[in-house]
There are 2 protein chains.
Amino acid sequence: MAEKRRLYPIVTADVALFTLQEQRLRVLLIQRANNPTPGGWALPGGVLNPELDASLDHTALRILAAKTRVALPHLEQVATHSGPDRDPRGWSVSTLYYALLPSDQVPAVAGDKTESIEWCDPERPGHRLAFDHRVLLGEALATLREKVGRGALPLHLLPAKFTLTELQRACEAILGRPLDKAAFRRQIKEAPQLVAVEGEFLRGAQRPAQLYRAAGGFAF
Amino acid sequence: MAEKRRLYPIVTADVALFTLQEQRLRVLLIQRANNPTPGGWALPGGVLNPELDASLDHTALRILAAKTRVALPHLEQVATHSGPDRDPRGWSVSTLYYALLPSDQVPAVAGDKTESIEWCDPERPGHRLAFDHRVLLGEALATLREKVGRGALPLHLLPAKFTLTELQRACEAILGRPLDKAAFRRQIKEAPQLVAVEGEFLRGAQRPAQLYRAAGGFAF
DNA sequence: GCAATAGTGTCTATTAGACAATATGGG
DNA sequence: CCCATATTGTCTAATAGACACTATTGC
């Protein structure tokens with residue numbers, strides 16, 4: 001119980017950043033170089049700075065950029081956790097986000113204050129996570145799954161142009177189970193957020209596949 | 001722009017407290033007696049006190065009890081809003097909850113720091129709301145509707161014992177549209193969170209209706 | 001032609017909505 | 001018996017999953 005008396009709580013934003021690697025869903029973990037838990041693995045996150053940030057969303061993006069040099073991904077709020085014992089620094093309020101990074105934009109070099117970073121299996125991260133981040137990661141994954149399970153399309157995980165099969169693989173990676181091709185296509189063919197790129201195909205040693213892109217006002 | 005320079009943001013919890021009155025969904029609004037917006041109507045809410053509160057949920061319950069003398073309702077987190085301009089007092093972080101109050105427990109006398117309270121139609125509150133509370137109310141209502149629309153049962157809106165017809169009326173009040181009796185019953189008959197109270201019936205000038213109650217570990 | 005993947009058609013079990021029929025108590 | 005509401009049954013259109021079939025390219 002390293003509880004310092006504070007008038008104000010620490011306010012932080014934490015992000016579960018997901019991407020696809022070889023058709024597997026991965027989440028970004030960082031090893032913290034400095035306090036409060038040197039050497040511990042955690043979700044990227046950091047403290048709100050009212051002088052720099054226009055909102056907690058902004059905090060999340062700023063932290064992500066500083067710690068990982070990752071370009072602006074799509075953010076989705078999951079939940080806010082709070083209490084005196086979550087963080088050894090004292091009473092804290094943390095808003096959790098998840099984000100999806102296109103699989104062709106995984107620079108992810110270690111940035112400031114970060115010893116190293118790693119893309120992990122979100123179900124079994126392979127590291128003991130600091131704070132309550134193991135729980136947060138579970139929540140973020142569950143929220144993402146629920147959304148995709150209800151028909152949301154994780155277009156932000158894919159490059160700008162993609163095939164329907166690639167989109168199906170992305171959904172399968174998130175849900176952790178195979179989907180039926182015909183049913184999947186029936187479902188998404190009505191989605192207005194999907195636009196065929198006329199005349200463009202992915203070619204290989206088989207029938208070419210139509211390329212699609214996200215529609216203009218696409219919001220996940 | 002009444003922006004004071006602050007090192008820390010104000011952290012608050014706001015609650016959209018719903019109940020049923022004559023089969024209509026109502027939300028509790030309060031008229032603020034003191035700063036920052038004297039006389040303005042708003043959702044009940046207040047500032048986190050790290051010395052008193054074990055979590056933001058606790059803050060919400062404490063504020064609700066102080067301002068309205070309402071007993072512990074069920075709380076559900078909706079979202080967290082933040083930014084320098086939401087609140088005239090400065091940079092703020094507000095976690096929004098909704099809560100359901102049984103229709104037979106609406107004491108709702110004005111408490112501390114509250115001039116008056118009123119149960120309003122959540123779609124047309126009839127008062128201009130302070131801060132961004134109009135938006136928050138819309139979000140809370142949308143979240144509640146989405147949940148009930150997906151089959152969640154708003155048992156917390158009902159007294160301890162209730163009939164299936166009362167439950168259906170509650171869902172209809174939330175969704176704003178009539179539901180088919182047979183379909184509704186088919187759907188909820190499988191729900192394990194519903195238990196028939198054997199031998200107890202609501203009697204009137206018609207066939208008696210079986211009374212039900214929420215099952216033991218019921219979570220909304 | 002063959003391999004490989006894209007894209008479509010079909011059959012069926014399940015389900016939600018509409019509506020009707022029956023059940024049961026009070027008067 | 002009549003009224004009002006509870007409770008159940010039936011019919012149907014829409015849907016999701018399983019599975020098979022056709023299409024189109026490179027080689």
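Fair warning: this is a prediction, and the values are worked out from it, not measured in the lab. Numbers restart at 1 for each chain; the letters A, B, ... are given by sequence-line order, proteins then strands. Side chains included, hydrogens not; waters and symmetry mates left out as well; all remaining heavy atoms used.
Of the candidates C:dA18, C:dG17, D:dA6, the closest approach to any side-chain atom of B:Ala183 belongs to C:dG17. Listed nucleotides: C:dG25, D:dC19, D:dT25. Nearest to the side chain of A:Ala182: D:dC19.
Between the side chain of A:Glu172 and the backbone N or O of A:Leu179 there is at least one donor-acceptor pair closer than 3.5 Å.
Rounded to whole Å, atom P of D:dT15 lies 17 Å from atom CD1 of A:Ile188. For B:Glu166 and D:dT7, the CD to P distance is 11 Å, given to the nearest whole Å. Computed from coordinates, the B:Phe162 CZ to D:dT5 P distance equals 20 Å when rounded to whole Å. If you measure from atom CD of B:Gln168 to atom P of D:dA6, you get 9 Å, rounded to the nearest angstrom. Counting to the nearest Å, the C1' atom of C:dG7 and the CG atom of A:Leu211 are 15 Å from each other. Per the geometry, CD belonging to B:Gln187 stands 17 Å off C1' belonging to D:dT7, to the nearest Å. At whole-Å resolution of the value, CG in B:Leu202 and C1' in D:dA4 are 13 Å apart. Rounded to whole angstrom, the span from the CG atom of B:Leu167 across to the P atom of D:dT7 amounts to 12 Å.
Across all strands, B:Gln210 comes closer than 4.0 Å only to sugar-phosphate atoms, never to a base (heavy-atom distances). Counting non-hydrogen atoms under 4.0 angstrom, A:Ala209 reaches the backbone sugars and phosphates but no base. If you check every strand for non-hydrogen atoms under 4.0 Å, A:Thr163 touches nothing.
Not one side-chain nitrogen or oxygen of B:Arg207 sits closer than 4.0 Å to the OP1 or OP2 atom of C:dA23. Taking side-chain N and O atoms only, A:Lys189 has no distance below 4.0 Å to OP1 or OP2 of C:dG7. Neither OP1 nor OP2 of D:dT25 sits under 4.0 Å from any side-chain N or O of A:Arg203.
Atom CD of A:Gln23 is surrounded by 12 or fewer heavy atoms from other residues, nucleotides or ligands within 6.0 Å.
A:Ser116 approaches A:Trp41 most closely through the heavy-atom pair OG-CH2, 3.7 Å.
Both A:Arg186 and B:Asp180 lie close to DNA chain D; mapped to their nearest nucleotides by heavy-atom distance, the more 5′-ward contact belongs to B:Asp180.
For the side-chain hydrogen bond (donor to acceptor under 3.5 Å, both in side chains) with A:His127, the lone residue among A:Glu118, A:Arg134, A:His133 that qualifies is A:Glu118.
When only modelled atom types and interatomic distance are considered, B:Thr95 and B:Thr80 share a side-chain donor-acceptor pair under 3.5 Å.
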